[in-house]
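What follows is a set of notes on a single structure, which appears directly below.
Just so you know, these numbers come straight off a predicted model, no measurement behind them. Computed over heavy atoms, backbone and side chain alike; hydrogens, waters and symmetry mates excluded.
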Amino acid sequence: MSFPRVGIVGLGLIGGSLAKLIREIFPDTHIVAVSRNQSACMQAIDEGVLSAADTDLRVLADRDLVFVATPIEMIVDTVKMLQMILSPSAIVTDVASVKRDIVAALSLSEANGLKGAEPLENLSHSSSAEPRKNEINNFKGFHPLNPIRNKALFIGGHPMAGKETTGYSGSEAKMFLGATYVLMPNEDPRRQVFEAYLKNLKFRVVTMSPEDHDQAVGLASHGPYVMACLTAGALLNSPYAQAGKQLISSGFRDTTRVACSPSEWGTSVCLDNSEAVLAFLETVSADIDTLATLIKAKDDVALKTYFETIAVHRRGLFPV
Ligand code: NAP
């Protein structure tokens, strides 16, 4: 199962990595990116990753499948605009790290028609970058499909892979090697087709409701990010920081690695997934109190039992 004409909006870390993965597994795919970053687009075209690029979303009108890989707060408006442009048979999906509000906003827009979408004159993906003329169609005279009765299917998704850099320069297909891809449920049969496509791209597909996804990702990703920041911050703010820096090794590096994630991403997931992140912090805070009580009481038996329980649990998460 493959899609011959794929579109990608936002040629950053995730958008670029998806383009590279698709090019690697389905080399004949015609891949068009909508991006403000001219140099990244030129590089991707020169590398053979992209077939073409533009700054105008209307260039994606003939796509079978479009991934929206912009920052979280831009996803809803971008999907709404795409639904005015794409064929009703097409699929538009997002990759955002938080799902509940996005899926709810787009379901609401489904119920209300496309109220609130940007006017079509405003479809440029805002840029100072001039696209390469020989790669571009301007789509003058384009007329939208009826936005209420005919529109592309939106399926929420989230590839569970990333790294501590942003932008196309850090993108790589192998980042997704063996990765899980969370897909929201949908009764439309195209959902199964898209799932089969993701499996062909070698993702391990997990179906989850947007609400369960946000709670689960709070435990699996957003909470651990906050803990990594707290751990790194404890060293930064300590009177023994200089001495501590001389002693840090692989343990400190492993437990704080994700603290290097872009601060925009961290801020965005903490605010957009605040319920789950706050629940995580409350749980951890209660556990810290319990642990502190055990340490103050010099309760070696309870401490050993606690640490052993966690070690068994942790080993089970990543069996060798
Ligand atoms: P990124 O490398 O910064 O890429 C985001 C892209 O969005 C930028 O390259 C840019 O594309 C576009 N963009 C940024 N600001 C924009 C603006 N104001 N107007 C229009 N376009 C704008 O970030 P990323 O890590 O790929 O994240 C993209 C999405 O993936 C986010 O929704 C994030 O939640 C999700 N995600 C991230 C990770 C991760 O670990 N990083 C993992 C899974 C999912 P152009 O320059 O091409 O226009």
Side-chain angles (χ1 to χ4, degrees), residues 1-35 41 44-45 48-54 56-70 74-96 99 102-103 106 110 114 123 125 137 139 144-145 147 150-161 171 173 176 179-207:
M1 170 62 226
S2 78
F3 291 89
R5 292 178 299 271
V6 170
I8 294 184
V9 183
L11 196 63
L13 176 70
I14 299 295
S17 299
L18 279 169
K20 287 177 179 175
L21 180 69
I22 293 166
R23 176 63 69 227
E24 197 172 295
I25 300 203
F26 295 114
D28 295 336
T29 308
H30 190 266
I31 308 176
V32 177
V34 169
S35 165
C41 289
I45 289 169
V49 173
L50 290 182
S51 313
D54 204 327
D56 190 327
L57 283 176
R58 281 173 285 198
V59 78
L60 301 178
D62 66 346
R63 301 292 99 184
D64 313 301
L65 170 68
V66 177
F67 291 90
V68 179
T70 62
M74 303 183 59
I75 302 269
V76 170
D77 284 347
T78 308
V79 171
K80 283 182 184 176
M81 288 190 273
L82 284 165
Q83 285 181 314
M84 296 171 74
I85 293 165
L86 294 166
S87 151
S89 61
I91 295 172
V92 55
T93 186
D94 75 318
V95 299
K99 299 262 68 93
I102 289 175
V103 175
L106 289 167
E110 195 134 312
L114 285 176
L123 291 178
H125 191 54
N137 288 318
F139 286 83
L145 295 158
N150 294 313
K151 63 176 186 171
L153 174 70
F154 171 70
I155 306 171
H158 180 198
M160 298 299 303
S171 66
F176 289 134
T180 297
Y181 205 116
V182 188
L183 215 50
M184 306 297 115
N186 195 305
E187 284 172 10
D188 190 295
R190 282 171 288 175
R191 156 73 174 69
Q192 295 309 321
V193 175
F194 182 48
E195 177 172 340
Y197 179 67
L198 291 175
K199 285 179 175 166
N200 285 341
L201 291 175
K202 308 214 175 4
F203 284 110
R204 189 178 75 88
V205 178
V206 170
T207 301

**Item:** I8 CD1 to L65 CG distance, which is reported to the nearest 0.5 Å
**Value:** 8.5 Å

**Fill in**
The ring-ring contact (aromatic ring centres under 6.0 Å, His included) partners of F203 (sequence neighbours excluded) come to F176, Y181

**Item:** Distance in Å, D94 CG paired with L82 CG, rounded so as to fall on 0.5 Å steps
**Value:** 11.0 Å

**Asked** Atom CG in L18, atom CG in L201: separation rounded to 0.5 Å?
**Response** 8.0 Å

**Asked** Between A19 and V49, which heavy-atom pair has the shortest distance, and what is it?
**Response** CB-CG1, 3.6 Å

**Item:** Pairwise side-chain contact, M184 with K99, heavy-atom cut-off 4.5 Å (strictly under)
**Value:** yes

**Prompt:** Say you draw a straight line from CG of L183 to CG of L198; how long is it, rounded to the nearest 0.5 Å?
**Reply:** 6.0 Å

**Asked** Counting only N and O atoms by type, is there a donor-acceptor contact under 3.5 Å from the side chain of R58 to the main-chain atoms of I85?
**Response** no

**Prompt:** Can you list the steps and then say if S51 with R23 is a side-chain contact (heavy atoms from CB on, under 4.5 Å)?
**Reply:** CA-CA 10 Å; S51 313; R23 176 63 69 227; 3.2 Å; yes

**Request:** Could you pull out the closest heavy-atom pair between I102 and A96, with the gap in Å?
**Result:** CD1-CB, 3.5 Å

**Asked** For A90, what residues pass the side-chain contact (heavy atoms from CB on, under 4.5 Å) criterion, not counting sequence neighbours?
**Response** L86, A152

**Prompt:** CG/L11 to SG/C41 distance, rounded to the nearest 0.5 angstrom?
**Reply:** 5.5 Å

Could you give the side-chain donor-acceptor pairs of residues 25-34 under 3.5 Å, partners two or more places apart or in another chain?
unit_1: T29; atom_1: OG1; unit_2: F26; atom_2: O; d: 2.8
unit_1: H30; atom_1: ND1; unit_2: R63; atom_2: NH1; d: 3.2
unit_1: H30; atom_1: ND1; unit_2: R63; atom_2: NH2; d: 3.1

**Message:** Give me the atom names and distance for the closest heavy-atom approach of A53 to L50.
**Reply:** CB-CD1, 4.3 Å

**Student check: side-chain heavy atoms of L60 and V9 closer than 4.5 Å** = yes

**Item:** Test item: T93 side-chain N/O and I155 main-chain N/O as donor-acceptor pair under 3.5 Å
**Value:** yes

**Request:** Check whether any side-chain heavy atom of Y197 lies under 4.5 Å from a side-chain heavy atom of I22, and answer yes or no.
**Result:** yes

**Message:** Going by side chain to side chain donor-acceptor pair (under 3.5 Å), name the residues that satisfy it together with S171, two or more places apart in sequence or in a different chain.
**Reply:** K20

**Prompt:** Can any side-chain N or O of R204 pair as donor or acceptor with the backbone N or O of T180 at less than 3.5 Å?
**Reply:** no

**Prompt:** To the nearest 0.5 Å, what is the distance between CZ (F154) and CG (L106)?
**Reply:** 5.0 Å

**All pairs passing salt bridge (Lys or Arg N to Asp or Glu O under 4.0 Å) where residues 1-13 contributes a residue, at least two apart** = R5-D64

**Request:** Hey, could you give me each pair passing salt bridge (Lys or Arg N to Asp or Glu O under 4.0 Å) that has a residue in residues 186-197? Not counting sequence neighbours.
**Result:** D188-R190, R191-E195, E195-K199

